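Predicted, not measured: the structure shown is a model, and the values here were computed from it. Chain letters run A, B, ... following the sequence lines, proteins first and then strands; every chain starts at 1.
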Amino acid sequence: MMILERNTLLIMAVLAALFPLLVGNQYALHIGIMVLFYAVLATSLNLIVGYVGEFSLGHTAFLGLGAYAAALLSLRMGLPIWATIPLAGVISALFGAAIGAITLRLRGPYFVIITLAFAEVLRIIANNWMGLTNGPMGLSGVVQPALLADASPLAAKRFYFYLALAIAVVALYLAYRFVYSNNGRAAVTVRENRYVAQSVGIQPFAYAMRAFVLGAFLAGLAGGFYAHYITFVGANVFGFAFMVSMIIMVLIGGKGTLVGPLVGALLITVLNEYLREFQELRMSLFGLIVIGVVLFLPNGLMGFLNLRRERRRATPAAAAESHAEAPGGSA
Amino acid sequence: MDMLLQFVANGLVSGSFYALSALGLTLIFGLMRVVNFAHGEFYMLGGVLGWFVTTYLGLNFFVGLVVVVVAMAAFGWLVDRFLIERVRDQGEEPSILLTIGLSIFLTNSALLVVGTAPLNIAGAVPNAPVFLGPVVLTQMRLFAVAACAVLILAAYLLIRHTRLGRAMRATFQDPMAARLAGIKTAYVYASTFALGTVLAASSGMLLGSIYSVQVSGGGLISLKAFVVVILGGMGSFAGAIVGGLILGLAEALWGGYVSSGTVDVIGFLIVILTLIFKPYGLFSTQVERA
Amino acid sequence: MSASTPLLQVSGLHVAYGKIAALHGIDMEVAAGEIVALIGANGAGKSTTLRTISGLLKPSRGSITWDGREIAGMDAERIVAAGIAHCPEERHIWPAMTVRENLMLGGYLCTSRAQVEQRMEQAFQRFPRLRERDRQMAGTLSGGEQQMLAIARALMSEPRLLILDEPSLGLSPKMADEVFDVVREINARGVTVLVVEQNVHNALDIASRAYVVETGVISTHADAASLLENPEVLSAYLG
Amino acid sequence: MSEVQNFPTPMLSVRGLCKTFGGLKAVQDIDLDVNSGEVFGLIGPNGAGKTTCFNLITGFYTPTAGRVTFQGHDITGHSPYRIARRGLVRSFQKTNVLKALSVFENVLAGHYLSTRQTLLATFFPHAGVSRAEREARDSAARIVELMGLAARMDTPAFRLSCGELRLLEVAVALAAKPALLMLDEPAAGLNSQEAMRFGSILKSLRRSEVESIVLVEHNMSLVMEVCDRVMVMHFGSKLAEGRPEQVKNDPQVIEAYLGRARA
Amino acid sequence: MRPLALTRIMLAATALLSLSAHAQDSLPIGLIQPLTGSVAYNGTAAAHGAELAVKQRNANGGVLGKPVEMITEDGQCSPADSVNAAEKLIQRDEVVALVGAFCSSATSAVMPVAQKYKIPFLTGVSSEASLTEAGNPYFFRSAETDALLGSAFSKLIVDNLGLEKVAYIGVNDDWGRGSVKAFEQELSGHGVETVMTEYFNHGSSDFYTLLTKLRNSGADGVFVAAETQDGSTLVKQLKQFGIDMDVFGVGSWATSDFIDLTGDAAEGIYAAVPYVSNLPGERNERFVKDYTEAYGQAPGKYGAAGYNALNIMMAAIERAGSSDAEAIVDGLKQTDYEAPNGRYRFTAKGQGYGFQAALVQIQNGKTDVVATTAIAAPDAGN
């Protein structure tokens, strides 16, 4: 699983890195950038939904905090993009620690609602604190990097694509290290069975918290990127629309896997654009597709593929269960 | 002082409206453990259908209400049998995603069919002001408050004192025991969902006749209803009433003395505080089981 | 040993939880008017057998005939209607409903209100303690009272066969005796009883026949009296 | 409170343990000692309070009264993970494993304590981290084999048979390298053959993997086979204590199990 | 196995994206409007107006001898979605010009995209004053700003109604806040005292608390910046509450939808609007007739805004003589368009002026035009 997932991720990264060189169409590049942006977001949410096992509907809080942080740092303090985006992540992570300390005490529907409440409170603050956030007028004209001043639109697109790719690679590296370390195992143990976790010495809260803060950090990075790429930040970054997209990506791709959210981000972003063909029917169809996925792909695309893989492997080689992936299998 | 009295009166009126619009949610949420994100859309559909039968078909308000109730009961039943049924007992996530998908579908399909303009429901009673000392109310609002009380009471009686109501409570307390008593639990689940849908839709029609109906307004209704349900404790009717009144009063006072641009924040702040200090709502009695 | 046409006949019953088989071919029968006990160690498959008979579990193989009719795999509510009432392990009363409501729901399939009232009156006569507490939440009753309520509730459907799963679980010996007295009395009024009981002496005391279940199959089957002497039974419990 | 200074201190010592739920006294005034090197059995009919006792000792319930001392430390009321970190690890009655994960992953997850690391080391691992990781993987594989599950290494837990699940549960607990292993009905659902095999594995664990074992079990033959000392509980109280054969023939115990033969 | 499958999916996706949609023998213009979401009502009206303009133009031979193909995208009034829509229109549909985005926040996010690709971009709605101050050479606005409307009518309102103390209520968004600020500034300049300023959230259903404050504020007139839905609820409740003060404001109030929704409560209120369907003039009568035929109701300010914006853009392209961006920008600068509501021209910064705006009063369920005045160029005033 671990090696397979790592190889899949590496291949995806290589394909993604080649994409701008092969494709000169700027619209396709833009969609590619949005896919990467959503991939980071979905990965960050997946740390909570997939690895802590709690359903957060307030993850836009961290996207929004990151976006506002980057926009303000850039507009008010004149910091360059390579400083604003990491700082956006750090600021989100700090809020993540504070919000996590409160929300992670709760489970199930209560956790769902309290996280949603936090995101809404932040949205309302962003919409009304004129002095800081410029209220509903939002923050426009977030500064682009100086090196893009004279660049062609295509070059600028490529720059943003590779920037997004870099963030995505960082996000997946961190997520990968986390998930396949003792920390990730502890989080999964807590998710799967709190009792077992405690009985082998795991403090459930601590691991939920680590995953939550890491998720907040990554969402903050995505937010920072968003601020610079879109150049406008308004209170809608805290809104439910982003939340819905993220959730659908994670669940459609398959929560609790690293590749799943990436596939989800790719599918949903492209689907959303493709559905433009259907004009007014677009959102209705989107709703139907979501319902269909819940009913027919309950474990997401990755869950479906894993199941098929397992079945295929189980039939011919049930006797010869391979231990190739488990080192130290020999006595 | 007059102002405070008026704020309190406003808060109580809008609080009872909040309570009404949250009833369907608390029923489905509390009894079936389904976090229904399409609640606001059921409310909206009630309003749209209400507009269709009164303003468009020209039926009397109450006749129209009956038509809406029947139609939405059938709709809720079908949604449960064909959608919710398939994800029952799989935890919250599938049902949350399912109802989110349903809400996206319903809003946008309704937008296609009836368009984007706000709709007016031909009202039940005239709307002249009523003065109680320094406090202003209107006949329509008093009527709506009374109607809220009637609906809440009717739903309460249905659940407390009818065969179906008892079967619902039995099913949700212990589905196995319910099956052993001969209760068709699938039927009970569908009935409960239909009842929740009807409560949402009839409050949508009633309140739509006071304000107006807007197809895209469902999300806001859902959010407020969640606040009410969390405040009162899931599944508790008395809790929904108190939760609604608390929210109504808090918003009225916050809007009155702090700022009306940020009224929505107070509900969420109360939710956060409630969940920190009384995680199961203000009125739940969590029984420790030996 | 067995009556001419058994009221309930189970043959070759297999049940699995997912991939894990719990029953591997249970064969047993209960004649009208009998008290039959199922005994055996924890996890042997006694409760699984009962749950399959009452329709809570679907068998993977095998048949269950009730009064000459195949009922294997039928929904629980149809089996109740056919005259089998199951009083499950740990009682499963509705704790947040009153005693009266619990009983009313026991008579859920009654056709009229009057019928419910009449049966409830019978129940209160049999269990006067329940009448005293009829407006009380069932969850506040003592363990013995809860067990009485569970039996009374099962009887509300006027079953021909009453299935009891561990009726003495967690009860003091005195309470357990009381429960078994009631079971005897019910049986005397013509209700056939199938009981799973951990307390072997109590079980064999009231039952005429017993089946010993071991890891999903019937290992022994005999008269109650002879089983009490059987060393196998002792070993099934005490090793 | 300075009595047992001269005796070898028991590994686990419980004094006056009580727990009430509502009005119900689930556990009353239990005293027990588990010595180093011992397999200790806790038996009694259903509902006697054995599992509650387990939960009280391992921190899943807070006692109403009484004291639990483990290796000289008072652990009364500590949270379960802190107790586990002291070397007291338990399994559960209803099979508790990580169902979606493979056998190997389950046991690896049990190695949590030996692979704890800082977040920084997680993201930028140094040699020590990967060594600890490698050791944990080796140890996990060894424990899987020790429990006789080598053929099922990569099988998801939900595909295992009942008996295999029981073994896996013990394997997960062993992975946490306990000094005292507490098993709650580890042989429930096993047939007699399987139970015996399980018993011999248990016996082999003592000394080689753990110092002592406490066992709640219904399967009497297993208890008789593996336990050095047994305590019988009935209605929340201690009914008898002693060597297995003593207890087995105690008329009070027989009555508790089989009920009174009525006159 | 899986990586391969993924590669295939990615390749398929790429193929899908690079499909070019439009035929070469037409002239594509992109329109971004909120067609779903909470402002869909107004966005749809603007799209209707735009559609009508294109239909009429194509019936008369199109632009540069080619039929105009208007491609409409849903921007949902969200900055990110509007940018997606703009990227799609520019790259995939290769539009020669963009119109729209409706909400100022969305427009503000699309502006740098248009500038980057050098695509002329015209908004007929977004009123946030700073948009035209951003120095974007490709951006034009054929709409009044809040300040322009304020300065056009404030004097008239004060004199007509004899107001001394005014309360301000606005929807809590960029437009509502901007309008309140602009009118407050103008009215204060005419010696009117501000006694209350409050904002409410879009979609609010209950205004009684706000009205309680209004009643106690001692105002003799109230300014309201709200759109149809919020405005009608607010005005209805204002009358129910028994408040009898002069109500005036901005928003799409001079429409039949608003009057139908609001009923008797709408009587007597004043609205300052850039367009109303019963403006005098033959040009407007024809527009109203065509629009009503097409959509079953008379146009409101957003219908007219969409209509005007497309006409201005199409005329500019015709004037440019080619679809070259710089030529179109020059064409836009030379705009002198006769709209149903007067003549549109642009300042050097791309701000429209010269067209008529009206102060209307609702009487007997009709909109009475009290006064009209031409919107002056922003620099001309001070």
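Taking E:Ala134, E:Ser78, E:Ala109, E:Ser82 one by one and counting their heavy-atom pairs under 4.5 Å with chain A, the maximum is reached by E:Ala109. Interface summary for chain A: among E:Ala85, E:Ser130, E:Ser104, E:Gly178, the most heavy-atom pairs under 4.5 angstrom belong to E:Ala85. Per-residue counts of heavy-atom pairs under 4.5 Å with chain A were compared for E:Ser105, E:Cys103, E:Ala106; the largest is that of E:Ser105.
Ion pair E:Lys88/A:Glu273 not flagged as a salt bridge, since none of the NZ, NE, NH1 or NH2 atoms sits closer than 4.0 Å to an Asp/Glu carboxylate oxygen. A salt bridge is defined here as a Lys NZ or Arg NE, NH1 or NH2 lying under 4.0 Å from an Asp or Glu carboxylate O, and E:Arg177 with E:Glu128 fails to meet this definition. The pair E:Lys181-E:Glu184 fails the salt-bridge criterion, with no side-chain N (NZ, NE, NH1 or NH2) lying under 4.0 Å from an Asp/Glu carboxylate O.
Summarising the geometry of E:Leu35 relative to E:Ala40, their closest heavy-atom pair is O-CB, 3.4 Å, with the distance given to 0.1 Å.
Between E:Phe200 and E:Phe207, the angle of the ring planes goes over 60°, which puts this pair in the perpendicular group of the 30/60° scheme.
Contacts of A:Met137 with chain E are made by both backbone and side-chain atoms, with heavy-atom separations under 4.5 Å. Interface residue A:Asn127: backbone and side-chain heavy atoms are both found under 4.5 Å from chain E. Using a 4.5 Å cut-off between heavy atoms, E:Pro112 contacts chain A through its side chain alone, with no backbone atom that close.
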